[in-house]
There are 2 protein chains.
Amino acid sequence: MMENTTLTDKQQELIEKTGVMLETKGWQPAVARIMALLLVDDSGELTFDDIRNSLQLSKSATSNGIQLLLNTGKIEYITKTGDRKRYFRSRISMFRDMIIAEHEKRKEMTALLKEIYEMREDFKNKKLANNLKDIINYMDLLNEEFPKILEKWEKMKKQ
Amino acid sequence: MMENTTLTDKQQELIEKTGVMLETKGWQPAVARIMALLLVDDSGELTFDDIRNSLQLSKSATSNGIQLLLNTGKIEYITKTGDRKRYFRSRISMFRDMIIAEHEKRKEMTALLKEIYEMREDFKNKKLANNLKDIINYMDLLNEEFPKILEKWEKMKKQ
DNA sequence: TTTTTAGTTCTGCAAATAGAGAACTAAATT
DNA sequence: AATTTAGTTCTCTATTTGCAGAACTAAAAA
């Protein structure tokens with residue numbers, strides 16, 4: 001037991017870089033490292049203790065991190081008959097999900113801006129209102145194009 | 001002095017909603033409220049004390065918040081001859097800037113994923129590597145389309 | 001020249017976050 | 001029946017964050 005816990009320098013580096021990137025997205029450090037490890041890992045099946053040892057995390061941090069990533073659909077695991085361990089791997093579709101979530105967020109923001117715009121329309125300062133309108137148009141454009149890009153990609157995949 | 005500090009209920013509501021939205025983007029609460037206030041404000045010229053009173057913030061929080069927003073180009077101010085006060089307003093282009101920044105971030109993420117992919121290519125697990133390749137293609141597509149949308153918008157504005 | 005105005009900067013604290021470590025649990029092994 | 005495995009959950013603490021309040025400053029007004 002305990003193969004697989006040695007990472008190359010390059011892997012180590014990529015885990016930290018990816019970890020930092022995810023931290024800037026608001027992820028907590030340990031969770032970001034677990035995610036990064038599972039993205040970089042080639043075996044596709046790391047156990048609880050592999051993760052714990054590779055990242056030098058406490059059991060609680062490992063457990064909570066794994067739980068959080070499972071609950072949000074970022075990772076998954078397989079099991080093997082006659083073996084109580086879980087073998088974790090990243091769900092690569094998480095990136096697609098993340099991008100779609102960002103898109104949804106942008107739509108919300110657009111809706112909010114529209115509310116602000118409509119309120120401002122009633123007031124006197126037309127110039128400010130018009131600047132806002134410009135941005136709303138831009139966001140609308142983005143919101144329209146986004147699903148199209150998604151479609152284009154789905155088609156591309158099928159070929 | 002001290003006109004302009006009374007907000008309508010609708011404005012109050014929009015400030016809080018916008019504030020919360022900005023908090024989810026990682027902004028600190030007080031800064032998010034100042035930004036929201038200046039987005040919602042129709043006068044286009046709120047003073048330090050207007051902001052302080054409208055949001056019931058301490059002087060330090062107001063000062064630091066304003067400073068941060070000025071430094072990051074999110075707001076600006078005008079002055080009036082024979083008047084020491086600064087009159088603040090939102091730089092509406094901040095939204096465009098924010099979206100472009102998100103785009104840059106996505107490009108960084110794509111580059112990182114490519115690094116991970118290239119590393120994985122050397123290893124045995126081709127299936128995982130291929131899934132990753134799919135996502136990279138998708139991100140590349142997005143990265144290509146993004147500038148085009150921006151251009152389209154710029155043209156639209158000119159008409 | 002004293003006071004007021006329009007802030008900035010410093011000090012300190014309350015709350016939130018992040019994770020370690022210990023205690024616990026439930027199934028499987030010995 | 002006792003121990004090991006594969007975790008989970010609880011308790012506690014160090015660090016960070018976010019902001020209030022007080023002290024300070026520099027220009028303008030009285």
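In what follows, every chain begins at residue 1, and chains take the letters A, B, ... in the order their sequences are listed.
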Is there a donor-acceptor pair closer than 3.5 Å between any side-chain N or O of [X] and the backbone N or O of [Y]?
X      : Y      : result
A:R91  : A:E76  : no
B:W153 : A:D134 : yes
A:T62  : A:S58  : yes
A:D140 : A:N137 : no
A:R52  : A:L57  : yes

Over how many whole Å does the gap from [X] atom [atom1] to [N] atom [atom2] extend?
X     : N      : atom1 : atom2 : value
B:I66 : D:dC19 : CD1   : C1'   : 15 Å
A:L68 : D:dT9  : CG    : C1'   : 16 Å
B:D50 : C:dT5  : CG    : C1'   : 14 Å

Q: For each nucleotide in nucleotides 10-19 of chain C, reading 5' to 3', give B when a protein heavy atom comes within less than 4.0 Å of its base, S when such contact involves only the sugar-phosphate, and - otherwise.
A: B-------SS
Q) So B:L142 and B:R106, side-chain contact (heavy atoms from CB on, under 4.5 Å) or not? Walk me through it. A) CA-CA 9 Å; B:L142 270 178; B:R106 184 164 46 237; 3.8 Å; yes
Collect all protein-nucleotide pairs involving nucleotides 25-30 of chain D in which both atoms are nitrogen or oxygen and the distance is under 3.5 Å.
from, atom 1, to, atom 2, distance (Å)
D:dA27, N3, B:R84, NH2, 3.4

**Q.** Nucleotide of D:dG7, C:dG7, D:dT8 approaching A:K59 most closely (side-chain heavy atoms)
**A.**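 For A:K59, the side-chain atoms sit closest to D:dG7.
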Q) For the side chain to side chain contact (heavy atoms under 4.5 Å, CB included) test, which of B:I34, B:L68, B:L69 pairs with B:W27? A)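 Per the side chain to side chain contact (heavy atoms under 4.5 Å, CB included) rule, the option paired with B:W27 is B:L69, out of B:I34, B:L68, B:L69.
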Q. Are A:L37 and A:V20 linked, directly or through other ILVMFWY residues, by side chains that come within less than 4.5 angstrom of each other?
A.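 Different clusters: A:L37 never reaches A:V20 through Ile, Leu, Val, Met, Phe, Trp or Tyr contacts under 4.5 Å.
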**Q.** Bend angle of the helix from C:dT1-D:dA30 to C:dT30-D:dA1, end axes from five pairs each (to 10°)
**A.**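 Both end axes considered, the difference amounts to 20°.
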Q: Would you indicate whether B:K157, at its atom NZ, is surrounded by more than 12 heavy atoms from other residues, nucleotides or ligands within a distance under 6.0 Å?
A: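 Yes, NZ of B:K157 has more than 12 neighbouring heavy atoms, counting only those of other groups under 6.0 Å.
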Q | Below 4.0 Å: OP1/OP2 of D:dA6 and any side-chain N or O of A:R86 | A |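 No, no such contact exists.
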**Q.** B:E23 bridged to B:R33 by N-O distance under 4.0 Å
**A.**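 Counted as a salt bridge, because a side-chain N and a carboxylate O are separated by less than 4.0 Å.
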Q. For A:Y87, is the NZ or CZ atom of A:K80 found under 6.0 angstrom from the centre of its six-membered ring and inside 45 degrees of the ring axis?
A.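 Positive - A:K80 is close enough to the ring of A:Y87 and near enough to its axis.
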